[in-house]
Amino acid sequence: MCLPGQSTEKDECSLLKITDFERYDKENAYWGDDLGATLSESSTRFCTWSPEATAVYVNIYADGTGDNRVESLPMLRGDRGAWSVEILRPLDGYFYTYTFEFDYRDRFETIDIYAKACGVNGDRGAIIDFSKTNPADWDTVPRPSLESPCDAVIYECHVRDFSVDASSGVAPELRGKFAAFYAENTDCGGAATCLAHFKELGITHVHLLPCFDYATVDEAKLHRAQYNWGYDPKNYNCPEGSYSTDPADPYARVREFKLLVSALHENGIGVIMDVVYNHTYETEKSAFHRSFPGYYHRRRGEQFSNGSGCGNETATEHLMFRKFMFDSLKFWMTEYKIDGFRFDLMGLHDIETMNILRRELKKLHPQLLLYGEGWTGGDSPVHSSKLALKYNAGLLPGIGLFNDNLRDAVKGETFNAYGMGFVSGNYGSAPTIRRGIAGSCAHHQLYGVSTDACWALSPEQAVNYCEAHDNLTLWDKLSVSAKHYPKPIRERMDKLAAAVIFLSQGIPFLQLGQDFLRKKPRFADPAEAADKHLSELDRVVENSYNAPDFTNSIKWDRKTRHADVFAYYKALVALRRENPLLRLRSGDEINACLHFHPADDPAVVVYSLERDGACLIVCLNPHHAPHWFDIPAQLTGDFRIRLGDPSLTLPAPVPRRICAAPIAALVLERIRQA
Ligand code: CA
């Protein structure tokens, strides 16, 4: 006989034999909004769903870890397999787990999948009073306003990378923590870093790599060198402990994450969370499996399916996982005022789930940003016609997808380090560049051209980028694939790549530090890196998910060393934010305003954006020689250079025949109509 609260020695639960989940859900799905621990002034109520369990106990602990169980109480089975118990005292500050019993025999202790706070390493839920966690001005600071997703400029940041290097200027005890995001006026040799850097660059949204509780960094041993991106979810509704100043105090991580959101909101910057509902870190040992073995993950027969490439994938089409996702997203959106979500491997989520989430969450916050990866990490048992893949974008209105067509066309194939793109000499990719410029929407001048790259219903679906945490940074990619060119030429390539992203319709997306040539070096020791037997590819890290800080951290001194690159990115952000023609709202607007013009050379991309007398002309010249072109006759009036090469300084109005500098973007702006 095993006491409640002690799990049997068995680590593997046997899979329950449900074959028709649709029918099972019809009969058993539970729609109450009381799952989890609910604290009131006089009591604490617990509720969990597990229809096949033969008994469920709640175990109360004094601490988040260790041998300090206070009591275990049996829960009562209610409607549709929801088990609950109310304890008539407020358990603020206590911790809890559930023990699920199956077949009157096997018992498994686990944290609540609905835990909203937790102890160190997320092994026990924590009962906290959320009204004690709000920053002073929480109710008065408004969320930043966003009229259209196309108005966003998204900056992707890993919490630790952002400040862990001494060059961040953040106090040593706060480096790598949520708290670094609300350190003010930090600098490196006079150049703004961290929050001050966001403001200087002018981005509208910070997209945080996973900052829910993930598994692989041991929160009890933070003195050791540890690193992970965080795509290994443990507790979806708790902030990650290693980013708080005290992982053992469940209040600390909640308060500090709210302070981060509050500081960004005060500066008009929205917060997007990277969410990873497509798989759990553990399989049999995950809280989901222990709560209801075999319900929450997809299977092929007795095997867990592996569409995530991480050993298991979740079953979003099962109604109680779908409900879990909705409840979780709603919690972050309301309790933490999160402004948007980026779905990891969104291609594993079913289309119906994504559309329900979009519809219901936008009822609560109409300006919510939703986008994700329209691909999977392996084969899923769910038919591809039902999955939120980029290929099915037409069935996912209002949800953005990462534009891998434009990414690869700009800088070269992602999975071939040596592949070249538009900026580095593959001029054959110009047709795909034109598609990207049109927001990957159907455009009347691009009929039959590069059709793979025409997939979006509207520009708000096209998340345009050429660098993210995955794969080589843009600068490393150019260092490998274009190493035969001198550095000043590669810098021009980098700037042109960024220009294509910012001058395309859709949503521009950057990685932290891309704006000052971020590198991910493999060797800390310069002597090792200088070994002449190494290739450029050997010197950098392509997949840095668990690489040391040396590889991943932002070295803020690069901002001063590459001040001209930073200035160029800043100018691109400003140009876009100031000019509505670069932020068109629909495919119809794009077709009405965007016109491609013939150039003498098919690799040179010339287009105009014109509406109500306002006009921009863009020339993207990937060649190593200047390109002369005539302002098309139908674009009447006088123009000035709005963005160009510093070597090209022409007084306004510019002549009708004009020279575009080598490997550069030229943007002309109408100053007077004829
Ligand atoms: Ca953790």
Side-chain angles (χ1 to χ4, degrees), residues 36-37 61 63-66 95-97 109-128 133 157-164 174-181 208-261 273-283 285-291 308 310-312 314 324 328 331-332 335-336 338 344 469 544-549 552:
Y61 291 90
D63 206 346
T65 184
F95 296 79
Y96 76 106
T97 61
E109 183 175 2
T110 178
I111 189 168
D112 181 4
I113 59 173
Y114 272 81
K116 294 185 174 77
C118 61
V120 68
N121 281 326
D123 291 328
R124 292 177 188 162
I127 301 153
I128 68 166
T133 62
C157 301
H158 183 276
V159 172
R160 187 173 172 89
D161 295 353
F162 176 67
S163 64
V164 76
L174 303 183
R175 287 178 199 155
K177 309 288 182 190
F178 291 136
F181 284 77
L208 296 170
L209 257 69
C211 47
F212 52 80
D213 180 38
Y214 60 80
T216 46
V217 167
D218 186 341
E219 299 173 8
K221 297 183 179 128
L222 294 180
H223 54 284
R224 290 190 189 162
Q226 299 184 69
Y227 183 92
N228 212 284
W229 280 342
Y231 294 92
D232 47 339
K234 187 159 179 178
N235 292 297
Y236 289 98
N237 297 335
C238 306
E240 162 59 15
S242 66
Y243 297 152
S244 89
T245 54
D246 184 1
D249 173 5
Y251 273 98
R253 59 179 84 185
V254 174
R255 285 195 178 118
E256 289 165 13
F257 190 48
K258 282 188 170 180
L259 280 164
L260 174 158
V261 175
M273 277 179 74
D274 192 337
V275 288
V276 189
Y277 296 103
N278 68 78
H279 71 278
T280 51
Y281 175 63
E282 299 273 18
T283 305
K285 291 182 190 171
S286 74
F288 286 90
H289 194 75
R290 289 189 159 181
S291 305
S308 65
C310 302
N312 57 51
T314 53
F324 176 80
S328 175
F331 175 66
W332 287 110
E335 185 62 42
Y336 290 89
I338 295 300
D344 187 59
H469 65 279
S544 66
Y545 79 98
N546 65 354
D549 286 334
N552 280 303

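Both ligands and their constituent atoms are indexed starting at 1 by order of listing. In what follows, residues are counted from 1 in the order of the sequence shown. Heavy-atom basis, side chains included; hydrogens, waters and symmetry copies ignored. None of the values given here were measured: they were computed from a predicted structure.
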- Query: After noting the C-alpha distance and the side-chain angles of Y227 and D161, does the key distance pass the side chain to side chain donor-acceptor pair (under 3.5 Å) rule?
  - Reply: CA-CA 10 Å; Y227 183 92; D161 295 353; 2.7 Å; yes

Side-chain donor-acceptor pairs under 3.5 Å in residues 217-224, sequence neighbours left out?
{"residue": "D218", "atom": "OD1", "partner": "N121", "partner atom": "ND2", "Å": "2.8"}
{"residue": "D218", "atom": "OD1", "partner": "A220", "partner atom": "N", "Å": "2.9"}
{"residue": "D218", "atom": "OD2", "partner": "K221", "partner atom": "NZ", "Å": "3.4"}
{"residue": "E219", "atom": "OE1", "partner": "N121", "partner atom": "N", "Å": "2.8"}
{"residue": "E219", "atom": "OE1", "partner": "R253", "partner atom": "NH2", "Å": "2.8"}
{"residue": "E219", "atom": "OE2", "partner": "G241", "partner atom": "N", "Å": "3.2"}

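Taking all atoms of both residues into account, the shortest heavy-atom contact from A180 to L174 is CB-O, 3.6 Å.
A salt bridge is absent between K234 and E240; no separation between the charged side-chain nitrogens and carboxylate oxygens falls under 4.0 Å.
The count of protein N, O or S atoms under 3.0 Å from the Ca ion (ligand 1) stands at 4, with waters excluded from the count.
Applying the side-chain hydrogen bond (donor to acceptor under 3.5 Å, both in side chains) criterion to T314, with sequence neighbours excluded, gives no partner residue. Not counting sequence neighbours, the partners of T283 by the side-chain hydrogen bond (donor to acceptor under 3.5 Å, both in side chains) test are N312.
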